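Just so you know, residue 1 is the first one in the sequence shown, and it goes up from there. Please read these numbers as outputs of a predicted model, since none were measured by experiment. Side chains are part of it too, since the values below use all heavy atoms of this structure and drop only hydrogens, waters and symmetry mates.
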Amino acid sequence: MDHTDHTAVLALFDRDLRREARPDGPGARVERTGGVVRQTAPAHGWNGVVWSALDEADADAAIAEQIAHFTGLGRAFEWKLYGHDLPADLGRRLVAAGFTPEPGETLMVGEVAGLALDTEPPEGIRLVPVTDRAGVDLVADVHEKAFGADASRLRHQLLDRLSADPDTVVAVVALAGDQPVSAARMELVPGTGFAGLWGGGTVRAWRGRGLYRALVAHRARAAAERGYRYLQVDASDQSRPILERLGFAPLTTTTPYVYVPTS
């Protein structure tokens with residue numbers, strides 16, 4: 001994609017995945033209130049703001065309104081801020097209102113037809129589709145080992161999606177013998193050209209052997225088979241160079257600002 005394409009694809013991304021966002025799981029609902037689009041979900045789901053069209057005159061009131069909404073439900077929530085969102089000082093205003101920024105990432109998008117998809121998993125690894133609770137347990141096991149983070153929320157969300165909306169998620173685990181060593185998932189957004197890549201964690205002993213690339217290629221082939229045109233990733237600094245070599249382009253930054261209600 002050249003620079004003109006970047007602008008057009010970012011506008012499409014903003015429209016299809018943010019402004020016209022659909023609920024991302026069972027029990028979730030998307031609401032449009034003032035200049036804000038937010039998702040309210042069960043406690044184990046994703047609660048937060050996906051889009052805002054604010055200016056300096058109304059931003060603080062909109063922030064206060066979202067805090068009141070989610071605090072009233074007893075929910076922590078995330079305001080997902082993108083580098084091109086306005087007003088330009090929205091991040092500073094969120095911090096002033098009590099939000100904590102998490103590490104920023106780069107929104108990267110690749111056109112499926114132009115990606116390098118011939119990457120195979122390393123010797124001794126087989127990729128297995130995740131379709132049931134046993135598979136979800138393997139994904140959760142990798143997540144906990146790779147990221148050192150609790151996977152109970154991920155486990156709950158993935159089980160929900162596989163049982164209620166199996167056409168909207170592709171999950172895969174890499175096995176060395178019977179040991180899960182890497183896992184990733186792809187969230188498909190019906191009615192749009194976009195699929196999102198998430199997870200992509202590998203246990204320490206298997207890092208640096210091409211598993212991340214192989215799992216991206218595996219999911220990209222699955223997206224192509226289902227007719228999706230674009231793959232989207234919130235990329236860490238570690239992932240970004242790998243994705244650029246595969247044909248992804250950076251479009252903007254994205255930073256989660258998290259608000260936790262005080263009890």
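Under a hydrophobic clustering in which Ile, Leu, Val, Met, Phe, Trp and Tyr are joined whenever their side-chain heavy atoms come within less than 4.5 Å, directly or via other members, Val170 and Leu215 fall into different clusters. Linking ILVMFWY side-chain heavy atoms closer than 4.5 Å, directly or via other members, places Met108 and Val112 in a single hydrophobic cluster. Note: the hydrophobic cluster containing Leu246 also contains Val233 (ILVMFWY, side chain heavy atoms under 4.5 Å, direct or indirect links). Linking Ile, Leu, Val, Met, Phe, Trp and Tyr whenever their side-chain heavy atoms come within less than 4.5 Å puts Leu188 and Leu115 in one cluster. In the hydrophobic clustering of ILVMFWY residues, with side-chain heavy atoms under 4.5 Å counting as a link, Leu162 and Val172 come out apart.
With hydrogens and angles ignored, the 3.5 Å screen pairs a side-chain donor or acceptor of Arg153 with a backbone N or O of Ala43. Under the 3.5 Å distance criterion, the side-chain polar atoms of Gln39 are matched with a main-chain donor or acceptor of Asp24. Between the side chain of Glu102 and the backbone N or O of Pro256 there is no donor-acceptor pair closer than 3.5 Å. At distances below 3.5 Å, at least one donor-acceptor pair connects side-chain atoms of Arg207 with backbone N or O atoms of Thr202. Although no hydrogens or angles enter the test, the distance criterion places no donor-acceptor pair under 3.5 Å between the side chain of Arg92 and the main chain of Ala88.
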Quiz prompt | Worked verdict on Tyr82 versus Leu10 for side-chain contact (heavy atoms from CB on, under 4.5 Å) | solution = CA-CA 11 Å; Tyr82 289 80; Leu10 184 58; 5.9 Å; no
Quiz item: How far apart are the C-alpha atoms of Thr253 and Leu107, what are their side-chain angles, what is the distance that settles it, and do they pass the side-chain contact (heavy atoms from CB on, under 4.5 Å) test?
Solution: CA-CA 5 Å; Thr253 57; Leu107 171 67; over 6 Å; no
Quiz item: When you look at Leu73 and Thr40, which way does the side-chain contact (heavy atoms from CB on, under 4.5 Å) test go after all the steps?
Solution: CA-CA 9 Å; Leu73 298 169; Thr40 303; 3.5 Å; yes
Exercise. List the steps and the verdict of side-chain contact (heavy atoms from CB on, under 4.5 Å) for His143 and Leu158.
Key: CA-CA 12 Å; His143 183 88; Leu158 190 48; over 6 Å; no
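For Glu78, there are no salt bridge (Lys or Arg N to Asp or Glu O under 4.0 Å) partners at least two apart in sequence or on another chain. Here His84 pairs with nothing under the ring pair (Phe, Tyr, Trp, His ring centres under 6.0 Å) rule; sequence neighbours left out. Partners of Asp137 by salt bridge (Lys or Arg N to Asp or Glu O under 4.0 Å), not counting sequence neighbours, listed by chain and number: Arg155. In this structure, Asp160 has no salt bridge (Lys or Arg N to Asp or Glu O under 4.0 Å) partners at least two apart in sequence or on a different chain. A search for salt bridge (Lys or Arg N to Asp or Glu O under 4.0 Å) contacts involving Asp167 returns nothing, not counting sequence neighbours.
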Identify each donor-acceptor pair in which a side-chain atom of residues 119-134 lies under 3.5 Å from a protein atom, sequence neighbours left out, and give them as a table.
from, atom 1, to, atom 2, distance (Å)
Arg126, NH2, Gly177, O, 3.2
Asp132, OD1, Ala134, N, 3.3
Asp132, OD1, Gly135, N, 2.9

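For residues 213-222, no residue pair satisfies the salt bridge (charged side-chain N to carboxylate O under 4.0 Å, His left out) rule, not counting sequence neighbours. Applying the salt bridge (charged side-chain N to carboxylate O under 4.0 Å, His left out) test to every pair with at least one member in residues 47-76, sequence neighbours left out, gives these pairs: Asp60-Arg93. Applying the salt bridge (charged side-chain N to carboxylate O under 4.0 Å, His left out) definition to pairs two or more places apart or across chains, those involving residues 232-261 are Lys80-Asp234, Arg240-Glu244.
Leu86 belongs to no multi-residue hydrophobic cluster, having no ILVMFWY side-chain contact under 4.5 Å with any other such residue. Alongside Val49, the hydrophobic cluster contains Val36, Leu54, Ile63, Ile67, Phe70, Phe77, Trp79, Leu81, Leu90, Leu94, Val95, Phe99, Tyr257, Tyr259 (criterion: ILVMFWY side chains under 4.5 Å). Within the hydrophobic cluster formed by Ile, Leu, Val, Met, Phe, Trp and Tyr side chains joined at under 4.5 Å, directly or through other members, Trp198 stands alone, with no partner residue.
One distance of note links NE2 of His69 with OG1 of Thr33; it measures 8.5 Å at 0.5 Å rounding.
If you run side chain to side chain contact (heavy atoms under 4.5 Å, CB included) between Gln232 and each of Val189, Leu17, Leu251, only Leu17 comes through.
The shortest non-hydrogen separation linking Gln238 to Ile242 is O-CD1, 3.9 Å. Across Val9 and Phe194, no two heavy atoms sit closer than the pair O-CZ, 4.1 Å. Contact between Gly74 and Pro261 at its shortest, heavy atoms only, is C-CG, 4.4 Å. Between Val30 and Arg32, the closest heavy-atom pair is CG1-NH1, 3.6 Å. Shown here for Met186 and Ala222, the closest heavy-atom pair between the two residues is CE-CB, 3.8 Å. Among all heavy-atom pairs drawn from Ala41 and Trp46, the shortest one is CB-O, 3.5 Å.
Residues Tyr212 and Ser239 meet the side-chain proximity criterion, which asks for heavy atoms closer than 4.5 Å. Annotation: side chain of Leu231 is not in contact with side chain of Val109 (no heavy-atom distance under 4.5 Å). Between Arg22 and Thr192, some side-chain heavy-atom pair lies under the 4.5 Å cut-off. A 4.5 Å side-chain heavy-atom check between Asp150 and Glu144 finds at least one atom pair inside the cut-off.
Under the 3.5 Å distance criterion, with hydrogens and angles disregarded, a donor-acceptor pair is assigned to the side chains of Gln66 and Arg38. Using modelled atom types and a 3.5 Å distance limit, the side chains of Arg161 and Thr168 yield a donor-acceptor pair.
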